[in-house]
Amino acid sequence: MHIAEGFLPAGHAAAWTVAAAPFVVHGARAVVKEVRENPDSTLLLGAAGAFTFVLSAIKLPSVTGSSSHPTGTGPGAVLFRPPVMALLGTVVLLFQALLLAHGGLTTLGANAFAFAVVGPWAGYGAYRLARGAGAGLLPAVFAAVALADLATYVTTSVQLALAFPDAESGVAGALLKFLGVFALTQIPLAIGEGLLGVLLFRALTTNARPELERLGILAPAPTPTGGSA
Amino acid sequence: MTRRRIVTALLVLAVVALFVLPLLLDGGTSEYGGTDAAVTEELEADGYAPWFDSLFSPSGEVESGLFALQAALGGGVLGYVLGRLRGRRAAAPGAGEQ
């Protein structure tokens, strides 16, 4: 999902930067507020940031014969709501743009919009819908983490299609082309990432019960039933 | 607790299988080129020239090292947090089980 440095026309790059900036600023304030009001959130915030840091560093092979990155933004979006991930995700992208020549500064806005805004919101939306429909915590987490991953790549495809419409079939044709590159490869990765999210939340439900109850992820249990999640 | 352990093991196995199977299925014929690079190559083939270059482009080996550093930092912090949370529960009064 990293659009490489200089690969978006200047107008598009500027527009996506303007679109992403308010989310990132709002996210920075959300992080400061969370840490100030709930200092014991710091550990889990670190875990959420670390999860996206590890996963986005690893290129994984897919059945299509290509490889791609997971995103790791889902768990943080479920735990702390999407604005927090707008900041954490952008920090990851900045690290990769500056040190790894992966992504770029001119495309930071577009990449942040896909990775740190749309992905987390799609994941959080899936989580809320699943919980609202009566799904348990872990199935909802799976849906959230997998969808945050997939939605990021769909957004990247849309961004590229808008910038590089096909000469004959226009934006729609270009979108199909870019989805063909990104989305198919990403499906097994999204499933794997969803399973990793489930593993993380299994560990958290046993070991971080008080935090999850305070964040509203788990209902306060009158009788602790060890590991029945 | 054992049922919980089995589920954990199965989940880990499923994740590993998901990424090892593609490697086994095609017998090592695919290059597994990155999708990001596939798109830039396609755009360049269509005549697009990037108008801005990365300020700092590490060479291949250094880049792998920096990616490993990124993963190590994330993995280290994640392990630290999970270890602390687990230790906290183990040390909590009344934590007899497990």
Side-chain angles (χ1 to χ4, degrees), chain A residues 1-7 9-10 43-44 46-47 49-63 65-69 72 92 95-102 104-106 153 160 164 178 181-182 185-186 188 191-192 195-196 198-199 202-204 206-209 226-227, chain B residues 1 3-4 7-8 11-12 14-15 18-23 25-26 29-40 42-44 46 48-58 63 66-82 84-89 97-98:
Chain A
M1 50 69 55
H2 298 79
I3 301 177
E5 184 77 282
F7 267 86
L43 266 185
L44 280 192
F51 192 78
T52 173
F53 222 64
V54 193
L55 284 194
S56 64
I58 301 172
K59 251 188 206 168
L60 291 165
S62 176
V63 281
S66 325
S67 68
S68 191
H69 302 270
V92 173
F95 178 92
Q96 294 180 327
L98 288 176
L99 292 179
L100 301 167
H102 212 77
L105 295 178
T106 59
Y153 280 81
L160 285 167
F164 302 100
F178 290 120
V181 177
F182 284 122
T185 298
Q186 205 61 29
I191 294 172
L195 293 177
L196 285 174
V198 169
L199 278 166
R202 279 164 58 86
L204 292 181
T206 355
N207 297 315
R209 205 165 178 106
Chain B
M1 267 314 82
R3 201 180 83 96
R4 187 178 163 76
V7 173
T8 305
L11 281 170
V12 172
V15 173
L18 207 53
F19 300 118
V20 170
L21 278 181
L23 294 174
L25 281 178
D26 78 332
T29 48
S30 296
E31 291 278 334
Y32 294 104
T35 48
D36 290 338
V39 164
T40 52
E42 206 166 294
L43 293 178
E44 281 186 317
D46 289 346
Y48 182 85
W51 55 279
F52 195 81
D53 284 327
S54 296
L55 300 175
F56 167 69
S57 296
E63 187 188 329
L66 287 170
F67 264 111
L69 180 69
Q70 188 194 330
L73 284 173
V77 171
L78 196 59
Y80 170 78
V81 170
L82 290 177
R84 256 192 81 156
L85 290 172
R86 193 179 153 76
R88 181 187 70 181
R89 186 173 59 100
E97 25 129 56
Q98 292 182 35

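Letters go in sequence order (proteins before strands), and every chain restarts at 1.
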Rounded distance (nearest 0.5 Å) linking atom [atom1] of [X] with atom [atom2] of [Y]:
X: A:I3; Y: B:T40; atom1: CD1; atom2: OG1; answer: 11.0 Å
X: A:L204; Y: B:R86; atom1: CG; atom2: CZ; answer: 13.0 Å
X: B:T35; Y: A:F178; atom1: OG1; atom2: CZ; answer: 12.0 Å

Do [X] and [Y] make a side-chain contact, defined as non-hydrogen atoms from C-beta onward lying under 4.5 Å apart?
X: A:L160; Y: B:L43; result: yes
X: B:L78; Y: A:F53; result: no
X: A:K59; Y: B:F67; result: no
X: A:L196; Y: B:L11; result: no
X: A:L60; Y: B:L18; result: no
X: B:R4; Y: A:T206; result: yes

Taking [options] one by one, which has the highest count of heavy-atom pairs under 4.5 Å against chain B?
options: A:S62, A:A203, A:A4; result: A:S62
options: A:A97, A:G104, A:S56; result: A:S56
options: A:V63, A:L44, A:L99; result: A:L99
options: A:A10, A:P61, A:G72; result: A:P61
options: A:A101, A:A208, A:A57; result: A:A57
options: A:L43, A:L98, A:T106, A:L100; result: A:L100

Tell me whether the rings of B:Y48 and A:F164 are parallel (<30°), tilted (30 to 60°) or perpendicular (>60°).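 If you compare the ring of B:Y48 with that of A:F164, the planes turn out perpendicular.
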Please flag which part of A:Q96 lies under 4.5 Å from any non-hydrogen atom of chain B: side chain, backbone, both or neither.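 Just its side chain gets close to chain B.
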Taking every non-hydrogen pair under 4.5 Å, which of B:L73, B:V7, B:L82 racks up the most with chain A?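 Option with the greatest count: B:V7.
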Who among B:D46, B:V77, B:L21, B:V39 has the most heavy-atom pairs with chain A under 4.5 Å?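 Going by pairs under 4.5 Å, I would pick B:V39.
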Where A:G192 and B:V15 come nearest, the two heavy atoms and their spacing: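 Closest approach of A:G192 to B:V15: O-CG2, 4.0 Å.
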Taking B:R88 for its side chain and A:N207 for its backbone only, find out whether a donor-acceptor pair lies under 3.5 Å.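 Yes, B:R88 side chain to A:N207 backbone: donor-acceptor pair under 3.5 Å.
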Given that the side chain runs from C-beta out, which part of B:D36 has a heavy atom under 4.5 Å from chain A: side chain, backbone, both or neither?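 Both the backbone and the side chain of B:D36 come within 4.5 Å of chain A.
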Per-residue contact mode, B:V20 against chain A (heavy atom under 4.5 angstrom):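 Looking at B:V20, nothing touches chain A.
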